[in-house]
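Every heavy atom of this structure was used, including side-chain atoms; hydrogens, water molecules and symmetry mates were not.
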Amino acid sequence: MRPSSSPPRPPTRTQTLPRRRIFAFGGLLGLWILLILGRLYGLQVIDYVKWVTIKRRQQQHTMPLPAERGTIYDRRGRELAIAVPAESVGASPHEIQDPGLTAKLLAPVLGADVSELEDRLEDSHSFLWLARGLPDELADRVRSLGLKGISLQTEMRRSYPRGSLAASVVGYAGLDDQGLGGLESGFNKLMAGHPGRVLMNEDAHGHVFQSSEWKGQAGANVVLTLDADLQGIVQATLDQAVKDHHAAGALGIVEEPSTGKILAMVSEPTFDPNHFDESRPENRINRTIQWVYEPGSMFKLVTYSGALEEGLISPEEMIDCQMGSITIGHHVIHDDERFGVMTVEEALAHSSDVAAIKIGLRLGQDRLYQYIRRYGFGSRTGIELPGEEQGLLKPPERWSGISIGAVSIGQEVGVTGLQVVSAYSAIANGGVYMPPRIIDHFEQDSAVTSPLLRPSRRVVSERTAQLMKHMLMEVVEEGSGRNAQLRGYSAAGKTGTAQKIDPSGAYSHSHFVASFVGMAPVERPAVVVLVSVDSPVGEYYGAEVAAPIFKNIMEQILTRLNVPEDRPAPLIVKKAKPGKPVEADPPPAEISDAVPSDGLAPNLTPVALTNDDAGPATVVLENGPLVTVPDFTGLAQRPVADQCQALGLDLVVGGSGLAAEQFPAAGSKVPARTKLRVRFAR
């Protein structure tokens, strides 16, 4: 019997080979698929962030939008620095079809070189600025060209509406609103705010298909203690003084002693911050805090007040000035005049170096140094301005044998103008030093914040301060400061004449610093004013150069601040018959003697007036062309002040409301700078 089935036969060689190839191909295909999947996993998962970032970098571009910079105001809210819109020219190179033609048309308008502009357009592959802050007329010319790929965008740029006024204080900012000097630099972060940005998505051809904008946050406004009117008075006066004396420069500071507020701070020569790049670098410094110089006799304030405080001298004490010569440390020091025995008060009034040295010797170098430091010399005042110098002051252990004498008269010590005016303000404030400040407050997002006020400190007693004020008043009344006498006000102050150091390190015999610092009115000083003139040609004494400038500035400031006169000048008033002239009496002796003939003081001569209406006629003292006094009845203070300023009359205000009475009467003929008293009532 045959079996039902036969056993399987083994595969032949020709059947096994295709299967192996299929398995090998399948394995390779699977491996290839695994590699692709791995690569895709790496791209989509592991390197996802990397490739998305590259994609965004290629497609998205961010353009910053500067925040609106904060405004700088004076204390009355008048703008000193503002942000104004200005148009800038930008280019998108991908959209420009003919860079050469575009550059040829655009370069003359922008004042650029054609080839350089063409290279910029060809080499760049993303948005770029071609010109920033164009004037309106140039922006209109660019717009009229209608060039593809060239766009105009509105930015904010810095503008200074009052030009050079307070330029060294306010400073200046560059094209990107970056503060480069003064307060613009010192408070740059605060005023700059937080910039915004524009996010632009571009396709492969550089066309923007989507954009989003964030405007950022505006910067803070800064309100100063400066008064633009007072600043203008000091700046104009010093500018003319520099020209008149052919000086290298000058500085002037006005401080309110009771608060330490700086009402005016002037550095000459100055510059226009709207075009700061056209000025010399040395004109952009602030001399009031960055120029260190020897103060000369102004420094005797420290010597005398320290000795008074220690009970070592009294104003009535007699002191021998040794006929103007004293030897100290094998050096002979001379006075400008030969003085014998006089009172301490007279010695200060006539600025005797011999007397100051003898008083300094009584005080001793350690106590003298302590009072120098008390007044703030040798350290920064801390005012809110960048670049302040601390001055030069050696410790007593480094003093030489002559140093006690030199320092007592303001030599071998370097000061800044701000240190000097702050020291005298301490005396004006009853012996209490108020740290000077120039920032009143900040404004941002409807919030008002004040800077942290530094503590005051007592330098000398109130009694010593009162004695010093009266001794300094004697300087003006009878001494070296007679050219600083004011019309209608008492004044106290001190002259200073200091030799400059020449390149060899020795004292120069041709370059000096002439200074005067003073306060008025004496009993309750409203302001303290410092004037220093650098290297005047010809006259160089502080009494000759700086004192008359001080007088000019102080009289205008007291009038502008409506400070009541404490020494009003008498006016001669007579009745006149109709049609007949009034015979004037000679001017009183006290008027003639009180005001020196120094070129700035009036030339006092009587003038007779004719009265045709039988009313009262005023006889006044003539000083140049006469002006007719208007009738101010019923007017408010502002129009009265404006008319007085236009006519050159010094307005003295009393009361409030509308003008009710005035003197001199309406229609009177008076010389310029006459005090016009107007009483206002409701």
>> Walk me through whether Arg76 and Asp227 qualify under side chain to side chain contact (heavy atoms under 4.5 Å, CB included).
In response: CA-CA 7 Å; Arg76 301 185 188 275; Asp227 188 304; 2.8 Å; yes
> Please walk me through it: do His511 and Asp502 pass side chain to side chain contact (heavy atoms under 4.5 Å, CB included)?
Replying inline: CA-CA 8 Å; His511 291 86; Asp502 63 24; over 6 Å; no
> When you check the side-chain N and O atoms of Tyr371 and Glu310, is any donor under 3.5 Å from an acceptor?
Replying inline: yes
>> What verdict does the side-chain hydrogen bond (donor to acceptor under 3.5 Å, both in side chains) test give for Ser425 and Ser422, after you've listed the backbone C-alpha separation in whole Å, the side-chain angles of each residue and the deciding distance to 0.1 Å?
In response: CA-CA 5 Å; Ser425 291; Ser422 297; 5.7 Å; no
> Does Arg457 count as lying over the ring of Tyr433, i.e. NZ or CZ under 6.0 Å from the six-ring centre, within 45 degrees of the axis?
Replying inline: yes
> Ion pair present between Asp353 and Lys300, side-chain N to carboxylate O less than 4.0 angstrom?
Replying inline: yes
>> Show the nearest heavy-atom pair for residues Pro386 and Gly182, with the distance to one decimal.
In response: CG-O, 3.2 Å
>> Go through it in stages, so that I can follow the logic: the residues are Ser351 and Ser297, the test is side-chain hydrogen bond (donor to acceptor under 3.5 Å, both in side chains), and I'd like the CA-CA distance, side-chain angles, deciding distance and then a yes or no.
In response: CA-CA 7 Å; Ser351 200; Ser297 293; 3.1 Å; yes
>> Can a side-chain donor-acceptor contact be found between Thr416 and Tyr293 if the only test is distance below 3.5 angstrom?
In response: no
>> How about CZ on Arg463, more than 12 heavy atoms from neighbouring residues, nucleotides or ligands closer than 6.0 Å, or not?
In response: no
> Does CD in Glu282 sit with more than 12 non-hydrogen atoms of other residues, nucleotides or ligands closer than 6.0 Å?
Replying inline: yes
> Just wondering, do Ile383 and Met265 contact through their side chains at under 4.5 Å, heavy atoms?
Replying inline: yes
> What closest approach, in Å, do Phe516 and Gly481 show between heavy atoms, and which atom pair accounts for it?
Replying inline: CE1-CA, 4.0 Å
> Checking Thr303 side chain against Ser408 main chain: does a donor-acceptor pair fall under 3.5 Å?
Replying inline: yes
> Okay, side chain of Glu474, backbone of His470: is any donor-acceptor separation there less than 3.5 Å?
Replying inline: no
>> Would the distance check show the side chain of Asp566 and the main-chain N or O of Pro521 forming a donor-acceptor pair, the cut-off being under 3.5 Å?
In response: no
> Would the Tyr541 and Phe512 ring centres measure less than 6.0 Å apart?
Replying inline: no
> So, Gln419 side chain and Gln390 main chain: donor-acceptor pair closer than 3.5 Å or not?
Replying inline: yes
> Between Thr381, Thr288, Asn286, which is the residue that forms a side-chain hydrogen bond (donor to acceptor under 3.5 Å, both in side chains) with Glu388?
Replying inline: Thr381
> Nearest 0.5 Å, what's the OG-CZ distance between Ser258 and Arg524?
Replying inline: 9.5 Å
> Within the side chain of Asn429, is there an N or O that forms a donor-acceptor pair under 3.5 Å with the backbone of Gly431?
Replying inline: no
>> Assess, by modelled atom type and distance only, whether the side chains of Ser325 and Gln322 contain a donor and an acceptor separated by less than 3.5 Å.
In response: no
> Can you list the steps and then say if Arg380 with Glu389 is a salt bridge (Lys or Arg N to Asp or Glu O under 4.0 Å)?
Replying inline: CA-CA 6 Å; Arg380 296 177 179 86; Glu389 296 285 349; 5.4 Å; no
>> I want to check something: taking the side chain as every heavy atom from C-beta on, are Ile439 and Leu224 in contact at a cut-off of under 4.5 Å?
In response: yes
>> Taking Lys261's backbone N and O only, do any of them form a donor-acceptor pair with Glu255's side chain (distance below 3.5 Å, no angle check)?
In response: no
>> Looking at every heavy atom in both Val529 and Val254, which two are closest together, and how far apart are they?
In response: CG2-CG2, 4.0 Å
> Do Gln235 and Leu165 have side-chain heavy atoms sitting under 4.5 Å apart?
Replying inline: yes
> Are Leu312 and Arg367 close enough that some pair of their side-chain heavy atoms sits under 4.5 Å apart?
Replying inline: yes
>> For a side chain to side chain contact (heavy atoms under 4.5 Å, CB included) check, start with the C-alpha distance between Tyr424 and Leu472, then their side-chain angles and the critical distance, and finish with the verdict.
In response: CA-CA 10 Å; Tyr424 275 79; Leu472 292 170; 3.9 Å; yes
>> Can a side-chain donor-acceptor contact be found between Asp244 and Gln240 if the only test is distance below 3.5 angstrom?
In response: yes
>> Treating Ser480 as the side-chain partner and Ala543 as the backbone partner, does any N or O pair qualify as donor plus acceptor under 3.5 Å?
In response: no
> Side chains of Lys469 and Ile427: closer than 4.5 Å at any heavy-atom pair?
Replying inline: yes
> How close do Gly518 and Met554 get, heavy atom to heavy atom, and via which atoms?
Replying inline: O-CE, 3.9 Å
>> Could you check whether any side-chain N or O of Arg458 sits under 3.5 Å from a backbone N or O of Gly430, counting only pairs where one atom can act as donor and the other as acceptor?
In response: yes
> Are side-chain heavy atoms of Glu294 and Phe299 found at a separation under 4.5 Å?
Replying inline: no
> Less than 4.5 Å apart, any side-chain heavy atom of Leu226 and any of Arg75?
Replying inline: no
>> Before you tell me yes or no, could you show the steps for Thr497 and Tyr540 under side-chain hydrogen bond (donor to acceptor under 3.5 Å, both in side chains), namely the whole-Å CA-CA distance, both residues' side-chain angles and the distance that decides it to 0.1 Å?
In response: CA-CA 7 Å; Thr497 306; Tyr540 60 84; over 6 Å; no
> What's the verdict on side chain to side chain contact (heavy atoms under 4.5 Å, CB included) for Leu676 and Asp650, showing C-alpha distance, side-chain angles and the deciding distance?
Replying inline: CA-CA 6 Å; Leu676 180 65; Asp650 291 344; over 6 Å; no
>> For a side-chain hydrogen bond (donor to acceptor under 3.5 Å, both in side chains) check, start with the C-alpha distance between Glu523 and Gln466, then their side-chain angles and the critical distance, and finish with the verdict.
In response: CA-CA 8 Å; Glu523 290 305 320; Gln466 191 70 8; 3.1 Å; yes
>> Using modelled atom types and a 3.5 Å cut-off, is there a donor and acceptor pairing between side-chain atoms of Arg482 and backbone atoms of Glu478?
In response: yes
> What pair of heavy atoms forms the shortest contact from Ala355 to Ser352, and how long is it?
Replying inline: N-OG, 3.2 Å
>> Can you tell me how far apart CZ (Arg567) and OG (Ser490) are? Round to the nearest 0.5 Å.
In response: 5.0 Å
>> Check whether Ser267 reaches the backbone of Arg287 with its side chain - one donor and one acceptor, N or O, closer than 3.5 Å.
In response: yes
> For Arg362, does the CZ atom sit with more than 12 other heavy atoms under 6.0 Å from it, leaving out its own atoms?
Replying inline: yes
> Does some side-chain heavy atom of Phe339 sit less than 4.5 Å from a side-chain heavy atom of Val354?
Replying inline: no
> Would you call Lys243 and Glu268 a salt bridge, taking side-chain N to carboxylate O under 4.0 Å as the test?
Replying inline: no
>> Please give me the minimum heavy-atom distance between Tyr489 and Thr559, naming the atom from each residue.
In response: OH-N, 4.4 Å
> Which residue, Ile313, Val344, Val460, forms the side chain to side chain contact (heavy atoms under 4.5 Å, CB included) with Leu308?
Replying inline: Ile313
